[in-house]
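Everything below concerns the one structure shown next.
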Amino acid sequence: ATCAAPTACPSDQTCNSAGVCEAKPIVDAGVDAAQGCMKDADCTNVGAPVCNNTAQNPVGVCVQCTPSNDSACNGGTPVCGADFACHGCTTHAECGDDSACVMTGPMAGSCTDPSTTFHVNATGSVTADCTTAATACNTITRVLQVLPAAGASVLASGAINEPGEVVIDSVSFALYGSGAATTSFKRAMRTGFGVFSLLGTAQVDFYDLAITDSARCLSIRNTATTLTRTTFVCGDISVESPSGGDLTLSHATISGANSEAIAKVGGKVLIADSTIANNGLGIRVTGGSLGVARSTFTGNRFGAITITGNGSFDIQNSLIVRNGSASGTVPAMTLATTGPNNKLLFNTIAENVMTTSMFSPRTSAAVVCTVSAGNLTEGYNLLYRNVRDGVALLSEQQQGTCIGATSYANVDALNPLQFVNPTTAPYDYHLTAGSPTTVLNVAGANCAGMVDFDGQMRPSGGACDLGADELHP
């Protein structure tokens, strides 16, 4: 039927821009059936206060927002989407030139306040005030001269070359990049402890950027720091924390450190959904606590994880694979804490390599553990072909207390566990439908509520699978 106004159509239809009656769509699960309109004043539903007069359907219907009227979009949903509904931001561009998009945490999807957002990029000025994209500074060194003590955000872009070490003393802010491929920091002169050094009560959260250096990237002293989707490539130690403080990595990558990717004394380290690859030692924690979830440690020549002292560890749903070297004398994991509540659960520990010596009488390339049984919860780990002195022996897949009867080990070179590809790069230690019954559906409900290495719920079948991967057919 043709129409000149919504009222000319049946009650379940609306008049579109072509003057034809069509069915009323539902604009949002949270509002009532679509209300026909000619102007915003016709829209009486608080959940859909704007009349859609664009050329896109649903035309002539009350919606939550349009490109020309997004006044209803704010807080955690500042962006008007193609469906004429308000959504959280996913890119900085959606927040305009002078704000950043918060992509993680309780404020995820919101845009930073432009009045407290400062700007730095590779083409910025050493004398600019840093308060808008048009007046961006060229270094964080300059930003710190105008930054308030707390509550600010800094939006960075481009390859930024700091003159030397950036010392951040008792200042707290969030530093946002646009991705490790497009936002990076390095220093022209190797002064101080690293590209960034955090002192006093400083708390800096790094997002979506890269830090590179021939020596050290980040030094943390008694401060709290988060690294999200951040990439480190540094020649000596990527992250050092010699005196307490808390460090959190999420979707981060650390590679290329000849000494240690992370060297931590005291405090806490939490690593989730991250990759620690091709360093000297992956992580060393002394007298602090370590949590690892859904992360990969691989290619670290002096082992993946060493934790000693009076701290504790909680390592779950992670891949510890292909660490060590034929001439190295360090196992993939050295677990020697005296603190309580240690956990080693549902990990895949495979094809790590070491050599013994008179100074290193260890008998396992995979796990050497001295934690007392009363301080440990372990189980459901999967061990495969860890090699000491050129030989993979079943009796040498672990040494000590951390691997018990509920875990499973195999040393057969013919891949009887049916991993996707354990033999050639890129290596893949996911289970397959051909994996044996000694691995699949054998761990009861002990993984209930967990997510596996890929972020998939466990269990997927009648019972939990061993190792870091839960098979999802």
Side-chain angles (χ1 to χ4, degrees), residues 1-117 119 132-134 153 155 157 174 176-179 181-183 207-208 228-229 250-251 455 457:
T2 58
C3 55
T7 54
C9 297
S11 60
D12 62 342
Q13 296 182 350
T14 187
C15 186
N16 66 22
S17 60
V20 176
C21 294
E22 65 179 13
K24 292 181 178 179
I26 303 300
V27 296
D28 188 274
V31 300
D32 297 330
Q35 179 182 11
C37 62
M38 296 293 290
K39 56 187 182 300
D40 290 351
D42 298 332
C43 299
T44 58
N45 190 321
V46 67
V50 181
C51 185
N52 179 19
N53 291 316
T54 71
Q56 299 180 27
N57 285 327
V59 178
V61 172
C62 295
V63 293
Q64 192 173 21
C65 63
T66 64
S68 61
N69 186 349
D70 60 358
S71 58
C73 300
N74 49 54
T77 55
V79 178
C80 186
D83 58 353
F84 303 103
C86 297
H87 300 278
C89 64
T90 57
T91 67
H92 297 314
E94 290 176 323
C95 292
D97 291 339
D98 296 328
S99 294
C101 178
V102 181
M103 300 182 196
T104 59
M107 299 299 291
S110 62
C111 297
T112 61
D113 184 345
S115 68
T116 57
T117 302
H119 300 262
T132 68
S153 302
L155 180 58
S157 63
Y176 297 95
S178 298
T182 57
T183 306
Y207 298 91
D208 300 292
T228 303
R229 294 182 300 274
S250 175
H251 299 89
M457 290 302 299

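Basis for what follows: all heavy atoms, side chains included, without hydrogens, waters or symmetry-related copies.
- For D40, the side chain to side chain donor-acceptor pair (under 3.5 Å) test picks out N69, with sequence neighbours left out.
- Taking S178 as the reference, nothing meets the side chain to side chain donor-acceptor pair (under 3.5 Å) condition, with sequence neighbours excluded.
- Here P78 pairs with C89, C111 under the side chain to side chain contact (heavy atoms under 4.5 Å, CB included) rule; sequence neighbours left out.
- Residue pairs satisfying the salt bridge (charged side-chain N to carboxylate O under 4.0 Å, His left out) criterion with at least one member in residues 60-72, sequence neighbours excluded, are absent.
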Quick one: side chains of residues 96-104, donor-acceptor pairs under 3.5 Å with protein atoms, not counting sequence neighbours, listed by atom name and distance.
from	atom 1	to	atom 2	distance (Å)
D98	OD1	A133	N	2.9
S99	OG	T112	O	2.9

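- In this view, D42 and K39 satisfy the side chain to side chain donor-acceptor pair (under 3.5 Å) rule, not counting sequence neighbours.
- Under the side chain to side chain contact (heavy atoms under 4.5 Å, CB included) criterion, T91 pairs with A93, E94, sequence neighbours left out.
- The SG atom of C43 sits 11.5 Å away from the CE atom of M38 when rounded to the nearest 0.5 Å.
- Under the side chain to side chain contact (heavy atoms under 4.5 Å, CB included) criterion, D113 pairs with S115, T116, not counting sequence neighbours.
- Counting all heavy atoms, side chain and backbone alike, A72 lies closest to Q64 at CB-O, 3.6 Å.
- Remark: H87 engages D83 in a side chain to side chain donor-acceptor pair (under 3.5 Å) (not counting sequence neighbours).
- More than 12 heavy atoms of other shown residues, nucleotides or ligands fall within 6.0 angstrom of atom CE in M457.
- Here the straight-line distance linking atom CG of N52 with atom CZ of F84 works out to 4.0 Å at 0.5 Å rounding.
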